[in-house]
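In listed order, ligands and their atoms are each counted from 1. As the structure is a computational prediction, the values presented were derived from the model and not from experiment. Excluded from the calculations below are hydrogen atoms, water molecules and symmetry mates; all remaining heavy atoms, backbone and side chain alike, are included.
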Amino acid sequence: FFFPLEDMLAVIKPDTQHKGIISEIRGRGFTISRLKDTVLSREMAEEFYREHRDKPFFSQLINHGLFLRSGPCTMMVLTKDNMLEEWRASMGPTDPSEARQAAPGSLRACFAKEILETAVHGSSNTQHTHQKIQFLFRDISTESATSPAYLYI
Ligand SMILES: Nc1ncnc2c1ncn2[C@@H]1O[C@H](COP(=O)(O)OP(=O)(O)OP(=O)(O)O)[C@@H](O)[C@H]1O
C-alpha cells in the first residue's frame with residue numbers, strides 16, 4: 001500500500017459543500033488528488049474519530065444532531081508543501097467563534113457554525129493520514145499515486 005508522503009487526509013463535513021469551499025481550498029494552493037463523497041454510518045464516524053473515544057465530548061461529536069452523518073462528507077487527499085502546517089493554518093482554530101476572532105480568513109471562520117460543526121477536518125499527523133486514507137480510500141493503488149516520495153506500509 002503506497003501513497004505520497006506529502007499527502008494529507010482532509011474532510012469537508014456535511015452541510016458545507018454547497019458553499020464553494022472546494023474552490024476556496026484550491027485557491028489556497030492545495031492540490032486535491034483524490035476526492036470522494038461518503039455518508040458515514042455511526043460505526044464509521046466512531047472509527048474515524050477513534051483517537052477521541054476517551055474524550056468527554058466523544059458521544060456529542062458522533063451524535064450531535066446527527067451532524068456528521070446528516071449527509072455526504074467530502075473526503076479529500078490534499079497535497080501541498082509543508083502540508084500539515086499549511087492545512088491547520090487554513091482551517092483555523094477548532095472553535096469557530098475563536099477562529100472568527102483570531103483567524104478571520106480561515107476556513108472555519110468562514111464556513112463553520114459551532115464547535116461540533118467545524119466544517120473541515122484534517123489529519124493531525126502522518127500516522128493518522130495513513131490510517132484515514134487506508135480506511136476511506138481502500139481502493140487507492142500504487143499507479144494512482146502522483147508524488148515522487150512514497151511510503152510503504
Ligand atoms: N471541547 C470540545 N467540545 C466539543 N467538541 C469538541 C471539543 N474539542 C473538539 N471538539 C470536536 O471534536 C473534533 C475533533 O477535535 P480536535 O481536537 O481533533 O480538533 P481539530 O484537530 O481542530 O479538528 P479535526 O480533528 O476535526 O480536524 C472537532 O472538530 C470538534 O468538532
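If you check each of His121, Arg88, Arg108, Met91 against atom 23 (O) of ligand 1, the one with the closest non-hydrogen atom is Arg108. Nearest-residue assignment for atom 17 (O) of ligand 1 (options Gln60, Lys13, His52; heavy-atom criterion): His52.
The nearest heavy-atom contact from the protein to atom 5 (N) of ligand 1 is Leu116 CD2, 3.4 Å. Considering only non-hydrogen protein atoms, atom 26 (O) of ligand 1 sits nearest to Tyr49 OH, 2.7 Å. Ranking protein heavy atoms by distance to atom 2 (C) of ligand 1, first place goes to Phe57 CD2, 3.5 Å. Of all protein heavy atoms, the one lying nearest to atom 29 (O) of ligand 1 is Thr118 OG1, 3.0 Å. Protein heavy atom at the shortest distance from atom 13 (C) of ligand 1 is Leu61 CD1, 3.8 Å. For atom 19 (O) of ligand 1, the closest non-hydrogen atom of the protein is Thr94 OG1, 3.3 Å.
Applying the 4.0 Å criterion to heavy atoms of Gly122 picks out, from ligand 1, the atoms 27 (O).
A donor-acceptor contact under 3.5 angstrom links the side chains of Asn63 and Arg69, judged on distance only. Looking at Thr118 and Lys13, their side chains do bring a donor and an acceptor atom within 3.5 Å of each other.
No continuous path of ILVMFWY side-chain contacts below 4.5 Å connects Ile12 to Leu66, so the two sit in separate hydrophobic clusters. The same ILVMFWY cluster, assembled from side-chain heavy atoms under 4.5 Å apart, contains both Leu136 and Leu61.
Within the 4.0 Å heavy-atom cutoff, Ser124 does not count among the residues contacting ligand 1. Taking 4.0 Å as the cut-off, His128 does not count as a neighbour of ligand 1 on heavy-atom distance.
Between Tyr49 and His121, the ring planes are perpendicular. Angles over 60° get that label, and only those under 30° would be called parallel.
In this structure the side chain of Ile115 never reaches within 4.5 angstrom of the side chain of Phe57, judged on heavy atoms. Contact check for Lys36 versus Thr74: no side-chain heavy atoms found under the 4.5 Å cut-off.
Using a cutoff of 4.0 Å between basic side-chain nitrogens and carboxylate oxygens, Glu46 and Arg50 are not scored as salt-bridged.
Residue-level proximity to ligand 1 for Ile115 is carried by backbone and side chain together, each with a heavy atom below 4.0 angstrom.
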message = Assess the residue pair Lys132 and Glu51 against the criterion (salt bridge (Lys or Arg N to Asp or Glu O under 4.0 Å)); give the C-alpha distance rounded to whole Å, side-chain angles, the decisive distance to 0.1 Å, and a yes or no.
response = CA-CA 11 Å; Lys132 307 300 182 208; Glu51 294 79 27; 3.0 Å; yes
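Between Glu117 and ligand 1, a contact under 3.5 Å exists for no N or O pair.
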